[in-house]
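What follows is a short report on a single structure.
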Protein chains: 2
Amino acid sequence: MAVSVRDVAAAASVSVGTVSNVLNRPDKVAPDTVARVLAAIDELGFVRNDAARQLRAGRSRSIGLVVLDVRNPFFTEVARGAEDRAAEEGMTILLGNSDENTDRERSYLDLFEEQRVHGVLISPLGDDESRVQRLRRRGTPVVLVDRVSEDRSLSSVSVDDVVGGELAVRHLVETGRRRIAFVGGPTTIRQVADRLAGARRAVADAPDVVLEVLETPSLTVLDGRAAGEAIRERPPADRPDAVFAANDLLAMGVLQAFNMLGSVRVPDDIALIGYDDIDFAAAAVVPLSSIRQPAALIGYTAVDLLLKEAAASDGEHAPERVVFQPELVVRDSTRGPAR
Amino acid sequence: MAVSVRDVAAAASVSVGTVSNVLNRPDKVAPDTVARVLAAIDELGFVRNDAARQLRAGRSRSIGLVVLDVRNPFFTEVARGAEDRAAEEGMTILLGNSDENTDRERSYLDLFEEQRVHGVLISPLGDDESRVQRLRRRGTPVVLVDRVSEDRSLSSVSVDDVVGGELAVRHLVETGRRRIAFVGGPTTIRQVADRLAGARRAVADAPDVVLEVLETPSLTVLDGRAAGEAIRERPPADRPDAVFAANDLLAMGVLQAFNMLGSVRVPDDIALIGYDDIDFAAAAVVPLSSIRQPAALIGYTAVDLLLKEAAASDGEHAPERVVFQPELVVRDSTRGPAR
DNA sequence: TCGTATCGTTGAAACGATTCATGAACGATG
DNA sequence: CATCGTTCATGAATCGTTTCAACGATACGA
């Protein structure tokens, strides 16, 4: 069944080495030999065995990418950007989905290491970088995505989430909001913690503003809806007058809850701002204000750093850190009249 | 740098065969030998080389999945379902994104074949099944996703798109709409063609209803917005009174266009229904009516069929086809008063 | 005519895990 | 005590590709 170089070599009456040369350095082989070998390949339906190539080469031509949530369009955009850059080098992205779950994250890292991937891009869950560090020590280049490394020993591509959180809340304050709720969690996720820190910083500048934190178990539409319902069920006087959600999925959930029964109007009763500026944000019931991040560019740049690091092979490559700046996008959900 | 079984064997003073047995059949090895080998593995930081395993095994433990568009939440749901089933068997999903582009589709199929994947799940682009057929003939199990095979020679998991299209348009007709526009394309994509066929069927039953087709170059939010703008710019009398979009992404785009400038009200002026019932549909400016498909279940089932087919190895496995039924979900976008 | 480049080609030696026929060691049984 | 089973461990062979030292052939300049 399986056709190997050996078969091709026999069919074209050349040696296996020549077949390999035709495949990899056709210019080093006489033209008519090339033709003969190609004909044999075509006739036998030969397909290279990648496992054997990899075994010989020592590492694969894939890059592992571990994201927190594939359903979040932000991450699929990152993945697309990464894929674009990888494709330029004839490489592939292996997409792993940790689903905000440490075990899954670990099992993807193990898998990628067994696969001897060219490198790993990861948006890690907690603050424990030890597994990632070990991976790197063993020789797999690693680039952190949407996150900077604690001890600056790893390359990273990120967006300044503290600034982003600050932008969001400052905007709410400037448009007259005074009782702000932060919806998001768990705070063990660095992005969440940073955005909250930014929110706190913005609030610190405005003495009459209070910030309340509603922690969610994760960052999904469902969790947002639960949080929104909790707010909706309070007596109106106890409700915040603005909500800053840690990402757009949460914000969409909050919005759904507010809209149900029509009891809470956005932005009239409560203003709402999200984070990531996913495509759907603009198409929401009430078009959603958000903090925009250059998702595809993050992925693209991350692969770029990874390739550099991999090229610098043994010679220790100094970790590079790229930080993009977030951008405020104002839409109807925060545009209404402040009371 | 690279630690191999040989090194582990030396460190534990056993043979390589024993190390392999510890890894794969620990029960066949004496307990204290197991302990000694595990200690050596741990100390040396040994990580199995998957390429070598695969080479020996002949095929990999991954399943390739080629989808039309990763940004479409419908497909990421399918991927999640597939991943779940694959994980149950300790296997992995390799996600490829054809982006509705034949070249990319082909290059992913080639890649997967070189990787000797366990099988391929694909939502193929055009009607040309030849490449897929060839792949299968060469021994890679294939299951079509969201699509049935022309000549019934391939297994498939799909949803009856004709029925879905019919459901959508019938609903529009029943709520009093008479001039219906179908927005979608290209019609070379089977799903689009079928949904349109269903729409035609529903219209055929109602003599006073007209169906207009606005073909789009692909199925994205952007294309939907363009189509929506085209409709919006017509004199009101020439506009349809309902739009059936071939998927929710398009529908969201149409909705955005209608909402801009506030010139077209949904559903008062024009009713709107989409397809797929993605999570965001419920959170749209006007909550979107849609046709629901069991996305995760499709992926799950597809892997299931694939594994069955792979298990039946050489003995030709009769292709199985699973067809799910779509379901109408009515929300505000079609609930308004018919004129 | 002899050296020496250049060009094409060869074939064996890796890469690292798994398999399997073989055999050693030890008990139990008659 | 011989025989038979059972349990463990061994190590060479294998998977398919790539690499590389070596070699024959041809051409060119000295």
Side-chain angles (χ1 to χ4, degrees), chain A residues 1-38 40-41 44-61 90 110-111 113-118 138-140, chain B residues 1-38 40-41 44-61 90 110-111 113-118 138-140:
Chain A
M1 184 87 268
V3 182
S4 77
V5 272
R6 216 171 305 277
D7 303 315
V8 174
S13 15
V14 295
S15 73
V16 290
T18 300
V19 175
S20 178
N21 282 333
V22 169
L23 256 22
N24 302 304
R25 308 176 208 69
D27 46 309
K28 296 278 170 223
V29 180
D32 47 338
T33 310
V34 172
R36 206 145 35 94
V37 171
L38 289 181
I41 286 179
L44 299 178
F46 166 76
V47 176
R48 257 176 160 121
N49 184 325
D50 205 50
R53 296 185 78 189
Q54 278 187 35
L55 175 57
R56 190 74 236 271
R59 43 154 72 160
S60 93
R61 280 165 29 267
D110 288 348
L111 180 72
E113 194 173 5
E114 287 193 1
Q115 309 238 39
R116 300 292 192 272
V117 292
H118 214 82
R138 286 197 194 138
T140 305
Chain B
M1 183 88 268
V3 181
S4 78
V5 271
R6 216 170 305 278
D7 303 315
V8 174
S13 18
V14 296
S15 73
V16 290
T18 300
V19 175
S20 178
N21 282 333
V22 169
L23 256 23
N24 301 303
R25 308 174 209 69
D27 46 310
K28 297 278 171 223
V29 180
D32 47 337
T33 310
V34 172
R36 206 144 35 94
V37 171
L38 289 181
I41 287 179
L44 299 178
F46 166 76
V47 177
R48 257 173 159 124
N49 185 324
D50 206 50
R53 299 186 75 189
Q54 279 187 34
L55 175 57
R56 190 74 234 276
R59 45 154 71 158
S60 93
R61 281 163 31 263
D110 288 348
L111 180 72
E113 195 173 4
E114 287 192 0
Q115 309 239 38
R116 301 290 192 273
V117 292
H118 215 81
R138 286 199 195 137
T140 306

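Excluded from the calculations below are hydrogen atoms, water molecules and symmetry mates; all remaining heavy atoms, backbone and side chain alike, are included. Below, chains carry the letters A, B, ... as their sequence lines are ordered, and counting in each starts from 1.
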Legend entry - Contacts of A:Val34 that satisfy side-chain contact (heavy atoms from CB on, under 4.5 Å) - sequence neighbours left out: A:Val22, A:Val29, A:Leu38

Looking at side-chain heavy atoms only, is the closest gap between [X] and [Y] below 4.5 Å?
X: A:Leu23; Y: A:Arg53; result: no
X: B:Asp50; Y: B:Arg61; result: yes
X: B:Leu55; Y: A:Gln54; result: no

Legend entry - Where protein sits on nucleotides 11-17 of chain C, one letter per nucleotide: B base, S sugar-phosphate only, - none, heavy atoms under 4.0 Å: B--BBBB

Legend entry - Contact summary for B:Ser60 and B:Gln115, nearest pair of heavy atoms: CB-O, 3.7 Å

Inset, instruction - Would you give the length of the straight line joining atom CZ of A:Arg59 to atom NE2 of A:His118, rounded to the nearest 0.5 angstrom? - result: 4.0 Å

Legend entry - Straight-line distance of A:Thr140 OG1 to A:Glu113 CD, nearest 0.5 Å: 5.5 Å

Legend entry - Polar side-chain atom of A:Arg138 near backbone of B:Ala2 as donor-acceptor pair, under 3.5 Å: no

Legend entry - A:Arg56: salt bridge (Lys or Arg N to Asp or Glu O under 4.0 Å) partners, not counting sequence neighbours: none

Inset, instruction - Starting from the first five and the last five pairs of the helix from C:dT1-D:dA30 to C:dG30-D:dC1, work out the angle between the resulting helix axes, to 10 degrees. - result: 50°

Legend entry - Where chain B begins and ends its contact with DNA chain D, read 5' to 3' at 4.0 Å from heavy atoms: D:dC8 to D:dG16

Scan the side chains in residues 6-16 of chain A for donor-acceptor partners under 3.5 Å anywhere in the protein, sequence neighbours excluded, and list what turns up.
unit_1	atom_1	unit_2	atom_2	d
A:Asp7	OD2	A:Ser4	N	2.9
A:Ser15	OG	A:Gly17	N	3.4
A:Ser15	OG	A:Thr18	N	3.4
A:Ser15	OG	A:Thr18	OG1	3.3

